[in-house]
**Q** 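Take a look at this one; I'll ask things after.
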Amino acid sequence: MEFTIKSGSPEKQRSACVVVGVFDNRKPSLSAELIDRASGGYISEIIRRGDMEGKLGSTLLLHNVRGTLADRVLLVGLGKERDFREREFRTAMRSAVHLLNETGSYEAVIYLTEEKVKRREVAWRVEHAVVVAMEAVYRFDEMKSQPAEVRRPLRKLTLSVPQRSDLTAGEAAAARGLAMAHGMNLTRDLGNLPGNVCTPTYLAERAQALAKELGFTCQVLDRPQLEELKMGSFLSVTAGSDQPPKFIVLEYSGAGKKQKPMVLVGKGITFDTGGISLKPGQDMDHMKYDMCGAASVIGTFRAVAELKAKINLVGLIAACENMPSGRATKPGDIVRSMSGQTIEVLNTDAEGRLILCDALTYAERFEPAAVVDIATLTGAMVVALGHIACGVFSNNEGLARALVAAGEEAFDRAWQMPLWEDYHDSLSSNFADFANIGNRAAGSVTAACFLSKFTKKYDWAHLDIAGIAWKEGKEKGATGRPVPLLATWLLAQETAG
Ligand code: BES
Ligand code: MN
Ligand code: ZN
């Protein structure tokens, strides 16, 4: 979809549809009032009749409104004016785009971006309008033999800004939003692909193709190199699989050589059966999403490289399957990680941390400014925060705060979790340096504690995205989160550095 920014009166737009807001209770926004005046009170008449009360997300499509140059006028409920915040703005925007996509309009001019959102500038509104619109029209039908054709897909949205002086900021914000949306779409596509297509090899090929397209480097390490590196922990997870493991190294240089890179590390389990500690059959198909951390790293590279951000960024992806077989790692097996520390694998289903720990050790060679790993690591994270926020664990308070703040700005929220020493005891082992699981309590915290044993040499944060990477039920599918959080955090480094 294409986006343009414009400033002008709604009644003067020659368009298939002009979209204006109405507040609850029956209060037209400024742009709705302009249409009302031009149409000789038509909008207020409709409002008076009770067909549009302004309830958040409600819609009413009008045709041939006199006094206007557009074919249609779409009224969108904005909810109570004093409660109109980030979530409400995004909800209204989402309803509008969903409805537009069902009408015969190829394009539309949207005035919702003129409505004030507390604490947010016009650039925020434009960026989020673009991201939400792209999210709303996303479809995944690559695997259908007959994709359901959208009759007249929405091709172009014009976003209105209050003043001509807002045009430059608006255009930059639209470009940011579009790059993020492209990143999210890629992350969603990779996540939605089934495990028999999206194998470690496939992930590596897609990463390589993207690197070529956008001009950064991608190196793929195979089993012999992983053995050479002594990644015994990573290799223990892939032992039961017939698919070869891949370790993907992405490097994007947008800043001077002297500037230390940020490093993103992604969990790329392309299918998690649990291994010998086999998972129950119910919902096991969800475990094709166990590479969403890796997919979010690739999606973030897409966004950052498209924007030519002035930062240096490294992406590390440990990709393999977790399968049972005669060669698979068994409960009680002891493996030696790349760091030299030994691990007693008490549960082969706690495999994410086993592949991440070697990737985190590999990260040291980049002398990183900061390392952030992203992983669908624990079911306990879903219990703790549900599907709203991901968990942030960090050995550096400033880094944790910056990530939470980026999540808030991107409306891709994160919540800090503790990493206190007190939690570490449960990982103790009588036979190895430590075990790969704790007791049942605080499962997402003990998983993060495990990772922290490999991140002593740099500032590090861990995002447990088990609850936010995909949706279940009717809207089943990958979300593209936390690409907005990561991209926002990285772009903030650009202005700071
Ligand atoms: N990939 C799963 C975590 C997961 C489970 C994410 C369900 C989303 C939904 C991970 O590899 C795993 O199996 N974790 C175990 C750890 C346990 C064995 C300590 C879990 O959370 O049950
Ligand atoms: Mn598992
Ligand atoms: Zn897993």
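For ligands, and for the atoms within them, numbers begin at 1 and follow the listed sequence.
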**Q** Could you find the nearest protein heavy atom to atom 6 (C) of ligand 1 and give me its residue, atom name and distance?
**A** Ala466 CB, 3.6 Å
**Q** Do you know which N/O/S atom name in Glu351 is closest to the Mn ion (ligand 2)?
**A** OE1
**Q** What atom name does the N, O or S atom of Asp272 nearest to the Mn ion (ligand 2) carry?
**A** OD2
**Q** Between Asp349 and ligand 1, does any nitrogen or oxygen pair lie at a separation below 3.5 Å?
**A** yes
**Q** List ligand 1 atoms under 4.0 Å from Ile437, heavy atoms only on the residue side.
**A** 19 (C)
**Q** Taking the six-membered ring of Tyr362 as reference, does the cationic atom of Arg365 (NZ for Lys, CZ for Arg) lie under 6.0 Å from its centre and within 45° of its axis?
**A** yes
**Q** Checking a contact table here: which protein heavy atom is nearest atom 2 (C) of ligand 1, and how many Å away?
**A** Asp272 OD2, 3.6 Å
**Q** Counting distance only, does the side-chain N/O of Ser426 pair as donor-acceptor with the main-chain N or O of Gly438 below 3.5 Å?
**A** no
**Q** One thing to verify: whether Asp433 and Arg336 come together as a salt bridge, which I'm taking to mean a side-chain N less than 4.0 angstrom from a carboxylate O.
**A** no
**Q** Do any nitrogen or oxygen atoms of Asn347 come within less than 3.5 Å of a nitrogen or oxygen of ligand 1?
**A** no
**Q** So which of Asp272, Asp290, Asp464 actually passes side-chain hydrogen bond (donor to acceptor under 3.5 Å, both in side chains) with Thr376?
**A** Asp290
**Q** Indicate yes or no: does an N/O atom of Gly379 lie under 3.5 Å from an N/O atom of ligand 1?
**A** yes
**Q** Regarding ligand 1, does Lys267 bring an N or O atom to under 3.5 Å of one of the ligand's N or O atoms?
**A** yes
**Q** Using a 3.5 Å cut-off on N or O atoms only, is Arg353 in polar contact with ligand 1?
**A** no
**Q** The Mn ion (ligand 2) and Asp290: any N/O/S contact shorter than 2.8 Å?
**A** no
**Q** Which atoms of ligand 1 sit under 4.0 Å from any heavy atom of Lys279?
**A** 12 (C), 13 (O)
**Q** Short question: side chain of Arg353, backbone of Leu451 - any donor-acceptor pair under 3.5 Å?
**A** no
**Q** Would Arg188 and Tyr138 count as a cation-pi pair here, with the cationic atom under 6.0 angstrom from the ring centre and within 45° of the axis?
**A** yes
**Q** Closest non-hydrogen protein atom to atom 8 (C) of ligand 1, residue and atom name please, with distance?
**A** Trp470 CH2, 3.4 Å
**Q** Check each of Leu307, Val131, Val126, Val130 against Arg176 using the side-chain contact (heavy atoms from CB on, under 4.5 Å) test, and report the only one that passes.
**A** Leu307
**Q** I'd like to know if Asp285 and Lys476 make a salt bridge, using a cut-off of under 4.0 Å between side-chain N and carboxylate O.
**A** yes
**Q** Establish, from distance only, whether the side-chain atoms of Glu397 and Gln416 form a donor-acceptor pair under 3.5 Å.
**A** yes
**Q** At a cut-off of 2.8 Å, list the protein N/O/S atoms near the Zn ion (ligand 3), residue plus atom name.
**A** Lys267 NZ, Asp272 OD2, Asp290 OD2, Glu351 OE2
**Q** I'd like to know if Lys267 and Asp373 make a salt bridge, using a cut-off of under 4.0 Å between side-chain N and carboxylate O.
**A** no
**Q** Are any side-chain N or O atoms of Thr479 and backbone N or O atoms of Ala469, one a donor and one an acceptor, separated by less than 3.5 Å?
**A** yes
**Q** More than 12 foreign heavy atoms under 6.0 Å from CD of Glu121: is that the case here?
**A** no
**Q** Should you measure from each heavy atom of Glu351, which atoms of ligand 1 turn up under 4.0 Å away?
**A** 11 (O)
**Q** Regarding atom 9 (C) of ligand 1: of the candidates Met284, His286, Met287, which has the closest heavy atom?
**A** Met287
**Q** Could you check whether Glu135 pairs with Arg90 (Lys NZ or Arg NE/NH1/NH2 to Asp/Glu carboxylate O, under 4.0 Å)?
**A** yes
**Q** Check Asn322 against ligand 1 and report side chain, backbone, both or neither, counting heavy atoms closer than 4.0 Å.
**A** neither
**Q** Is the cationic atom of Arg87 (NZ for Lys, CZ for Arg) positioned less than 6.0 Å from the six-membered ring centroid of Phe89 and within 45 degrees of its normal?
**A** no
**Q** Taking 4.0 angstrom as the limit, do Arg119 and Glu86 come out as a salt bridge?
**A** yes
**Q** Looking only at protein heavy atoms, which one is nearest to atom 10 (C) of ligand 1, and how far off is it?
**A** Leu377 O, 3.3 Å
**Q** Is there a protein heavy atom less than 4.0 Å away from atom 22 (O) of ligand 1?
**A** no
